[in-house]
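First the proteins, then the strands, lettered A, B, ... as listed; each starts at 1.
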Amino acid sequence: METSLMKILRLAMMAAGLLLSLQAGVHAQTTLRIGLAEDPDILDPTMARTYVGRIVFASFCDKLFDIDEKLNIVPQLALSHETSADGKEMTIKLRPGVKFHDGEPFDAEAAKFSLERHLNMQGSFRKPELATVDHVDVVDPLTIKLVLKTPFSPLIAQLTDRAGMMVSPKAAKEAGDKFGLHPVCAGPYKFVERVQQDRIVFEKFADYWNKDNVFIDRVVYLPIVDSTVRLANLKSGGLDLIERVLATDIKDVRADSRIKLSTALELGYFGLTININNDKNKGPLSQSDKVRQALDLSIDREAINQVVFNGEFTPGNQWVSPEHPYYQKAFPIQKRDVAKAKALLKESGAALPVSVDLMVPKGPENEAVAQVLQSMTAEAGFDLKIRLIEFATSFKQAQAGEFQAFLIGWSGRIDPDGNSYVFLHTNAPQNDGKYSNPDADKALEDARLVTDPAQRKAIYEKLTRIVLNDEPLIYLYHRKLLIAHTTKLEGYKQMPDGLVRVIGLKLK
Amino acid sequence: MLNFLGKRILQLIPTLFFVSILIFSLQQLLPGDPALVMAGEERDPNVIAQIRKQYRLDQPIPVQYVYWVKGVASGDLGESLRIKVPVRELIAQKLPVTIQLASMAIVIAFLIGIPAGIVSAVKKGTAWDYGANLFALWGISTPNFWLGIMLIFLFSIELGWLPASGYVPLSENWRASLASTIMPAFVLGNAIAAILMRHTRSAMLQVLESDYVRTARAKGLSERSVILKHAMRNALTPVITLGALELGTLLSGAVLTEQIFSIPGFGKLIVDAVFNRDYAVVQGVVLVTATIYITLNLIADIAYILVNPRLRA
């Protein structure tokens, strides 16, 4: 009896051992496997809307313009651009000899088609980004002219993202709204296949205009939601690059000689949106700017950074980070001053403790930040009541004004307009606290009309002064984009938009 | 028999109808607005209004329900709001993955649970018994996600034997496919093995004390023959039923385990769909899962009748 049972057990163990020793399929040496934090949405630049989707687009869908590390706008499928004196026409010269993945030529007609598709297609998410474009003219086979309804200086920045992505007119016409299932663009890699929630595969495009700088044969994107597992895959060699490493894992990554960390400061920010005038749930924070200033003064941003993010992030007080060309150095981060905060609260006449409903989308980092805020502000006389909520629900409640303060981030846009207008302008779509100040509105509008950076910076200085006084949004910190990759990958540089660019990369 | 079958199948229709209403109304209780979720970070009001119109989210819920049921009746489960892929196609893509994972998990559970249960019953009160009980306690109380991550650390990072996550279809490369599913299958199987072990043990203990086992022993049969040929066969009937029930649960997707090992099965599909408020996918998957359950139930009923003729009346 015992012997037979032992036999069975031994056999079972042998079988398990055999299975365990099976290796995964052998990957070709020049396949770059990228671990994503989510499964991207549809791969159609007109209908896509997720950040993670933009990472995938970067390998197969070139844009008219791109950015460099210092946020300068550089040509990609365009060669140059020129804005007319009245700011209402933008002429763009296109790169010659460019082909789409289906062999169709990229020319002025194709560029016009792509832009009009973004503008007119049902379900397009690019409409608001290109809203100021009235129509597109073909000047010659390699020149287009964008005619605008009103001058709009952030337009060029829009063309460095999905709104500037060019699709093959032939393929787009044939596929209609199913184009995203087999996208055809003009990027370094072409689409091979996608298995939902499993993988998206691309292979090198032989006729790419910049093919001499493409060294890897295939790129495979694998969505792996759990950050620990993503990192484990990188360590075990199952992946070559992962995005969104947790700040708390940085030490671990740095300690491993087989992997390398690439970082860049994000374009966005994290902050507290204050409900100033959005119906029912207004609280003491809406009564006076003094109460909001007191809240701000009771916060030690560097302490949040040290406690929650191991000092890896960057404290901030404006909608762009201190490293951004549009950061207003005249308005640095104020030091925490509890005495002053208490004095301001007294002046405001608010009843102590000032009870505030703080809406916090669930997540370990958010929760930790909220707790640190709670204990810091308590010293000045605030009583932050943390209300944890699922992310999707938080948006709905934010819109409905069911919050007093809302801890929320913004992924950021290249142009400062993208980080300010929609949050601060009266009745703008993301102005959840219904902040309204005619002077702020004027500054936001003016900044859209001029293209000269010095002039724009002067306008944003005015805006900064107003916003830091009114405090409709208390900016807290800027996250660091954390990308880790195997040391076998050479030439990787992290750009501030968080995208993973594959041009020039080599795998040893 | 035919009469009975007809009746049971007819009963299926109102059941499925009720389930469909339940699925539809329950997800309306999900807080959050799918149009707002779909509109992404920008939340442009025009875009939101357009999404509402395009997906009939602006219509009353009963109207939305009628459209959905009409589609389902013609075999159209709708289209994912997020990725524009027909739900039917998504389900067809995920079902084989889930079936493979569930079957492997059940095989592992039986391979571990039954021998452990038998040993523990036969060697009652010895170190073997305590060892097996300890194992069962461990299996039941170990959280899946923890065991999963520990296995990844051991077999992928430290030893480098297995891929940390991901899935390779059986048809593509069977060895790589087994390698990619063995860890999640073990995690799932381990928990079930513990339950099976407990049941096997108690069933065996009961059987071992019954008259026919005593008779078998009195006939001079070897202990091995008594246990394997006489006692085990009878003891295993309830255990197999239990295993089949567990298989049904596994087929509806193993949410946490699939998430940790990035196995693109039913569990992952439905979790992603819920978080993205991708209603069409949630509805489709739950409907299919419910149908599988109901069908399995029907098959069980039929099998029961085949075995026990007294129920045929």
**Request:** Using the salt bridge (charged side-chain N to carboxylate O under 4.0 Å, His left out) rule, take A/K178 and B/E79 through it: C-alpha gap first, then chi angles, then the decisive distance, then the call.
**Result:** CA-CA 11 Å; A/K178 298 273 186 275; B/E79 189 182 85; 2.6 Å; yes
**Prompt:** Can A/R194 and B/I83 be said to form a side chain to side chain contact (heavy atoms under 4.5 Å, CB included), step by step?
**Reply:** CA-CA 11 Å; A/R194 174 175 192 178; B/I83 42 179; 4.2 Å; yes
**Request:** Start with the C-alpha gap between A/R199 and B/E172, add the side-chain angles, then the distance that decides, and say whether salt bridge (charged side-chain N to carboxylate O under 4.0 Å, His left out) holds.
**Result:** CA-CA 14 Å; A/R199 60 182 187 272; B/E172 206 171 275; 3.5 Å; yes
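With chain B as partner, the option from A/G35, A/P40, A/A428 having the largest number of non-hydrogen pairs under 4.5 angstrom is A/P40. Note: B/S165 leads B/P45, B/A116, B/S165 in heavy-atom pairs under 4.5 Å with chain A. Note on A/D198, A/L222, A/D226: by heavy-atom pairs under 4.5 Å with chain B, the leading option is A/D198. Per-residue heavy-atom pair counts under 4.5 Å with chain B were compared for A/M47, A/R230, A/Q122, A/K127, and the maximum is reached by A/Q122. Of the listed residues A/V229, A/L181, A/D44, the one with more heavy-atom pairs under 4.5 angstrom with chain B than any other is A/V229.
Put simply, CD1 on B/I149 and OG1 on A/T228 are 5.0 Å apart, with the number rounded to the nearest 0.5 Å. Taking OG from A/S236 and CH2 from B/W161, the interatomic distance works out to 14.5 Å, rounded to the nearest 0.5 Å.
Looking at A/E390, only its side chain comes within 4.5 Å of chain B, counting heavy atoms on both sides. For A/S124, the part lying under 4.5 angstrom from a heavy atom of chain B is the backbone only. For chain B, no part of A/D256 is nearby; none of its heavy atoms comes within less than 4.5 Å. There is no contact between B/S180 and chain A, counting heavy-atom distances below 4.5 Å. Only the side chain of A/E129 comes within contact range of chain B, with at least one heavy atom under 4.5 Å from a heavy atom of that chain. A/R126 does not touch chain B: none of its heavy atoms, backbone or side chain, sits under 4.5 Å away. Interface residue B/I48: only side-chain heavy atoms are found under 4.5 Å from chain A. For B/L90, the part lying under 4.5 angstrom from a heavy atom of chain A is the side chain only.
For A/Q197 (side chain) and B/K268 (main-chain N/O), a donor-acceptor pair under 3.5 Å exists by modelled atom type. Between the side chain of B/K94 and the backbone N or O of A/Q196 there is at least one donor-acceptor pair closer than 3.5 Å.
Closest heavy-atom contact between A/N233 and B/A164: OD1-CB, 3.3 Å.
No side-chain heavy atom of B/Q259 sits less than 4.5 Å from a side-chain heavy atom of A/I224. Residues A/F125 and B/I51 meet the side-chain proximity criterion, which asks for heavy atoms closer than 4.5 Å.
No salt bridge links B/E158 with A/K235; every basic N to acidic carboxylate O contact stays at or beyond 4.0 Å.
For B/R217, the CZ atom sits in a packed shell: over 12 heavy atoms of surrounding residues, nucleotides or ligands are nearer than 6.0 Å. For B/F275, the CZ atom is loosely surrounded, since the number of other residues' heavy atoms within 6.0 Å does not exceed 12.
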